[in-house]
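This is the structure I want to talk about, given as structure tokens.
Chain A is the first sequence line, chain B the second, and so forth, proteins listed ahead of strands; every chain is numbered from 1. Values in this document were obtained by computation on a predicted structure and should not be read as measured data. Only heavy atoms go into these numbers, but all of them, side chains included; no hydrogens, no water, no symmetry mates.
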Amino acid sequence: MKRLTTAFVLALFIATTAAASRVLIAAGETSVTGAGTAGFPSGTVFNGVTLTSSQFGKGVVLNPDGSATGDFYNVLDGSTAVGPQTITVTGLVSSGSLNANGSVTFGGNCSLDMGDGTRPSSLPFSVTATSQGLTLVIGTTTLPTQTVIAGGIDIR
Amino acid sequence: MNTNHRPAAASLLKWIGVGLLSVTVVPLLAVVFVLPFAGRVAAAFDYSADLATPQVTPDFSIAHTLDFFFGSLLSTSTQSFPSGTITGKVTGGGTISADDARIPPRSRSFGYVAMGQVVIDSATGASNCTPATPCPAKGHLNYVNHTTGVHINGEVTEITNFQFFATPPGPTKGTATFRGTDTKSGCGTFTVSVTDNGEPGTNDRFGIDCGGETTFGQRQHSGGNSQIHPPQAK
């Protein structure tokens with residue numbers, strides 16, 4: 001009887017722990033979605049490419065424990081002395097959080113295609129986003145904030 | 001005679017007391033203990049759920065037996081799927097299209113999140129969500145037609161289709177359709193349909209219909225990714 005009671009108490013504890021954690025987690029999820037175009041401040045240069053505008057699409061779910069899932073896509077339009085050049089950043093999001101000021105920061109690993117014929121490279125990336133724009137960090141380089149021109153970014 | 005019954009009655013009362021204590025105090029302790037690290041606990045249970053797949057029910061049919069012994073040589077079924085209620089989740093961000101001249105590459109941008117409780121059929125990977133019996137969902141959609149300037153923006157409220165094509169231990173693939181109401185362009189109810197054909201997202205597909213805005217069905221991404229996420233416990 002004592003063993004039965006111990007097993008019952010243990011099972012009850014595990015079941016309640018699982019249910020409680022699930023409820024607590026579900027209550028704190030933040031979704032970040034965005035689509036549109038944005039502009040760089042004049043004089044923005046990345047790896048020798050002068051950037052003017054961008055296009056973005058993202059869908060990310062942030063969990064209260066700092067984990068996150070989702071996708072980030074950012075096409076950076078610019079030019080060099082030889083002509084127009086388009087840089088493509090395609091990222092899988094694995095972590096992120098809601099900041100005190102209402103912005104979100106998320107990141108993971110991305111494929112960076114410089115659009116110059118070289119092979120895409122894999123790098124860590126992070127994005128800090130508000131409803132007005134996004135700041136992209138590729139590897140150790142922080143690009144100036146891209147300000148939304150068309151479309152929007154929603155943090156819910 | 002009565003004296004023999006007293007210990008039994010006392011014992012019964014004792015165990016009833018222990019039982020009552022268990023169902024009240026233990027859940028309270030569980031919640032108190034789990035509060036500081038709820039995320040890790042939830043992740044652990046998710047992980048367990050993933051490891052548990054595929055959950056195969058005993059099948060002693062001839063086809064299954066042949067499949068078991070001869071594998072791919074006489075394969076009649078390739079995969080079983082998680083069964084029961086799970087959190088169905090799909091996310092994406094990118095542009096279309098790479099396969100339709102009416103929609104030039106990068107002329108449409110999208111970003112979305114949709115998730116809800118779905119019941120999966122272990123044999124087919126399909127869910128119980130249909131247009132007639134949609135599953136409640138939450139999430140958000142942003143979509144921009146850069147040619148016309150139409151911006152569709154709204155909360156996701158229903159999943160009307162969710163199906164896995166493949167689940168872990170291999171890559172997760174599948175398709176989903178979800179609905180919601182646009183609050184930006186006035187097109188009304190939007191219906192978005194996506195397909196995750198694996199990583200990277202070059203072969204993934206995205207389609208939308210809302211009022212006069214249409215992509216003529218699902219179109220191949222010209223960039224970005226759509227992800228049907230691995231099954232998570234409810």
Q. Closest heavy-atom contact between A/Gly36 and B/Ser109?
A. N-CB, 3.9 Å

Q.
As an exercise: rank B/Arg108, B/His151, B/Glu199 by heavy-atom pairs under 4.5 Å with chain A and give me the winner.
A. B/His151

(Q) Can you confirm whether B/Thr91 sits close enough to A/Val61 that some side-chain heavy atom of one is under 4.5 Å from a side-chain heavy atom of the other? (A)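 Yes, their side chains come closer than 4.5 Å.
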
Q | Contact listing (chain A partner; residues 156-166 of chain B; heavy atom under 4.5 Å) | A |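 From residues 156-166 of chain B, none sit under 4.5 Å of chain A.
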
**Q.** Non-hydrogen atoms of A/Tyr73 and B/Ser222 that approach each other most closely
**A.** OH-O, 4.0 Å

Q) When you look at B/Thr95 and A/Val75, which way does the side chain to side chain contact (heavy atoms under 4.5 Å, CB included) test go after all the steps? A) CA-CA 10 Å; B/Thr95 56; A/Val75 182; 5.5 Å; no

Q.
Can you tell me which portion of B/His140 sits under 4.5 Å from chain A's heavy atoms? Options are side chain, backbone, both or neither.
A. both

Q | Straight-line distance of B/His146 NE2 to A/Thr37 OG1, nearest 0.5 Å | A | 6.0 Å

Q: Rounded to the nearest 0.5 Å, what's the gap from NZ on A/Lys58 to CG on B/Asn225? Could you check?
A: 15.5 Å

Q.
Which residues in residues 77-112 of chain A have any heavy atom closer than 4.5 Å to a heavy atom of chain B?
A. A/Asp77, A/Thr86, A/Thr90, A/Leu92

Q: Let me know if B/Asn153 has heavy atoms under 4.5 Å from chain A in its side chain, its backbone, both or neither.
A: side chain

**Q.** Minimum heavy-atom distance A/Thr33-B/Val113, with the two atoms named
**A.**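 Of all heavy-atom pairs spanning A/Thr33 and B/Val113, the closest is CG2-N, 3.7 Å.
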
Q: Would you indicate whether the side-chain heavy atoms of B/Lys138 and A/Arg156 approach each other to under 4.5 Å?
A: no

Q. Using a cut-off of under 4.5 Å for heavy-atom pairs, which of B/Lys184, B/Arg106, B/His229 has the most such pairs with chain A?
A. B/Arg106

Q: Output the option from A/Gly66, A/Ala150, A/Gly152, A/Ser31 having the highest count of non-hydrogen pairs under 4.5 Å with chain B.
A: A/Gly152

